Amino acid sequence: MNKKIIIVLAIIGICFVLLSPVCAKQKVNVKISTDEYPLNNKGIIVIKLVDSNGKAIKSAGKINYTITDKNGNYVWKCKSYKGEIREKYDVGEYTVKVVFKGDSKYDKATITESVKLTAFNPYTYYDDHQWGLNQEIDDYIEYNYWDEEIYDDPYTYDGEGP
């Protein structure tokens with residue numbers, strides 16, 4: 001009888017050891033960054049969940065985040081995570097606190113970070129070596145800031161162009 005109990009316990013132990021990596025949750029990191037928005041002196045706060053290798057994860061777990069400005073005004077949101085979160089705010093400094101509650105596949109994660117949103121400056125955009133990196137912004141600059149009248153003035157026209 002004792003041998004049967006030991007054999008059953010050994011089989012259960014072996015199954016537990018073999019199945020434990022399948023049941024383990026993956027570690028999650030929260031990445032907070034900023035992006036410039038070309039209209040109305042605004043910026044974008046980007047919240048993204050990544051795995052230990054830095055690749056974006058896909059999870060339907062709940063995420064809470066609080067964005068607080070330097071005056072103490074804050075916005076708190078709780079929603080399902082379905083890819084990166086992009087929030088548009090006025091230029092300034094903000095404190096962002098993110099809590100990911102996790103799900104059956106991913107572990108929970110928390111981070112608090114200060115971010116500074118800067119204004120989009122179309123006149124220095126290409127000076128910062130960003131030519132062609134974002135077609136939407138390239139089109140925006142071309143439609144709103146490109147002055148074709150310089151080609152009509154013989155004193156400023158250098159012969160390059162259409």
Side-chain angles (χ1 to χ4, degrees), residues 7-146:
I7 291 173
V8 169
L9 289 176
I11 292 173
I12 291 173
I14 290 171
C15 291
F16 181 73
V17 170
L18 293 176
L19 294 177
S20 63
V22 175
C23 299
K25 292 185 177 185
Q26 294 182 15
K27 185 176 178 183
V28 174
N29 296 319
V30 180
K31 184 177 173 185
I32 300 172
S33 60
T34 62
D35 201 3
E36 293 176 339
Y37 186 73
L39 296 174
N40 301 330
N41 211 19
K42 301 252 185 205
I44 298 175
I45 297 174
V46 181
I47 301 170
K48 186 185 264 188
L49 299 178
V50 295
D51 62 9
S52 57
N53 296 326
K55 295 182 181 180
I57 68 167
K58 295 186 180 182
S59 170
K62 291 285 185 185
I63 189 166
N64 296 339
Y65 59 94
T66 306
I67 300 175
T68 310
D69 66 6
K70 63 182 178 182
N71 297 326
N73 302 319
Y74 68 92
V75 173
W76 179 84
K77 293 188 179 179
C78 178
K79 59 169 93 173
S80 293
Y81 181 79
K82 296 179 182 169
E84 72 180 17
I85 296 171
R86 300 175 67 84
E87 294 286 339
K88 190 180 351 173
Y89 282 90
D90 292 331
V91 170
E93 294 184 25
Y94 295 91
T95 302
V96 181
K97 180 180 180 183
V98 179
V99 177
F100 175 63
K101 294 186 177 183
D103 61 8
S104 60
K105 187 175 180 183
Y106 297 104
D107 214 359
K108 59 184 176 179
T110 303
I111 189 171
T112 301
E113 190 172 310
S114 294
V115 296
K116 184 176 183 179
L117 295 177
T118 57
F120 176 76
N121 187 347
Y123 300 109
T124 60
Y125 180 75
Y126 296 121
D127 293 341
D128 295 337
H129 306 290
Q130 299 187 45
W131 180 268
L133 295 179
N134 188 330
Q135 187 63 45
E136 182 179 348
I137 292 178
D138 288 345
D139 291 342
Y140 173 80
I141 291 172
E142 181 180 346
Y143 297 145
N144 294 290
Y145 293 95
W146 187 254

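Hydrogens, waters and symmetry mates play no part in the numbers below; they use all other heavy atoms, side chains included. This is a predicted model, so every value here is computed, not measured.
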- Does any non-hydrogen side-chain atom of F100 lie less than 4.5 Å from one of S59? yes
- Query: Once you round to the nearest 0.5 Å, how far does CD of E84 lie from OG of S33?
  - Reply: 7.5 Å
- Task: Decide yes or no on side chain to side chain contact (heavy atoms under 4.5 Å, CB included) for I85 and I63, but give the supporting numbers first.
- Result: CA-CA 10 Å; I85 296 171; I63 189 166; 3.8 Å; yes
- Message: Just verifying a value: how many Å separate Q26 CD and D103 CG, rounded to the nearest 0.5 Å?
- Response: 9.5 Å
- Apply side chain to side chain contact (heavy atoms under 4.5 Å, CB included) to the pair V75 and Y89, showing each step before the final yes or no. CA-CA 11 Å; V75 173; Y89 282 90; 3.6 Å; yes
- Item | Validation row: K101, N64 side chains within 4.5 angstrom (heavy atoms) | yes
- Item | Chi angles and distances behind the side chain to side chain contact (heavy atoms under 4.5 Å, CB included) call for Y94, L117 | CA-CA 8 Å; Y94 295 91; L117 295 177; 3.7 Å; yes
- Query: Is a donor on one side and an acceptor on the other found under 3.5 Å between the side chain of N53 and the backbone of K55?
  - Reply: no
- Query: Does the distance from a Lys or Arg side-chain N to an Asp or Glu carboxylate O, for K77 and E87, drop under 4.0 Å?
  - Reply: yes
- Note on the structure: Taken in chain and number order and not counting sequence neighbours, the residues that satisfy ring-ring contact (aromatic ring centres under 6.0 Å, His included) with Y81 are none
- Message: Taking side chain to side chain contact (heavy atoms under 4.5 Å, CB included) as the criterion, tell me which of N29, V30, I57, V28 meets it with V50.
- Response: N29
- Message: Please give me the minimum heavy-atom distance between I32 and E113, naming the atom from each residue.
- Response: O-OE2, 3.4 Å
- Considering non-hydrogen atoms only, spot the tightest contact between D35 and R86 and give its length. OD2-NH2, 2.9 Å
- Message: If I take atom NZ from residue K88 and atom CD1 from residue I45, how far apart are they, to the nearest 0.5 angstrom?
- Response: 13.0 Å
- Query: Below 4.0 angstrom, N of the basic side chain to O of the carboxylate: do K42 and D90 qualify?
  - Reply: yes
- Message: Could you walk me through whether V96 and T112 satisfy the side chain to side chain contact (heavy atoms under 4.5 Å, CB included) test, starting with their C-alpha distance in whole Å, then the side-chain angles of each, then the deciding distance to 0.1 Å, before giving a yes or no?
- Response: CA-CA 6 Å; V96 181; T112 301; over 6 Å; no
- Query: If you draw a 6.0 Å radius around NZ in K58, do more than 12 non-hydrogen atoms from other residues or ligands fall strictly inside?
  - Reply: no
- Could you grab the distance from atom CG of N71 to atom CD of E93, nearest 0.5 Å is fine? 11.0 Å
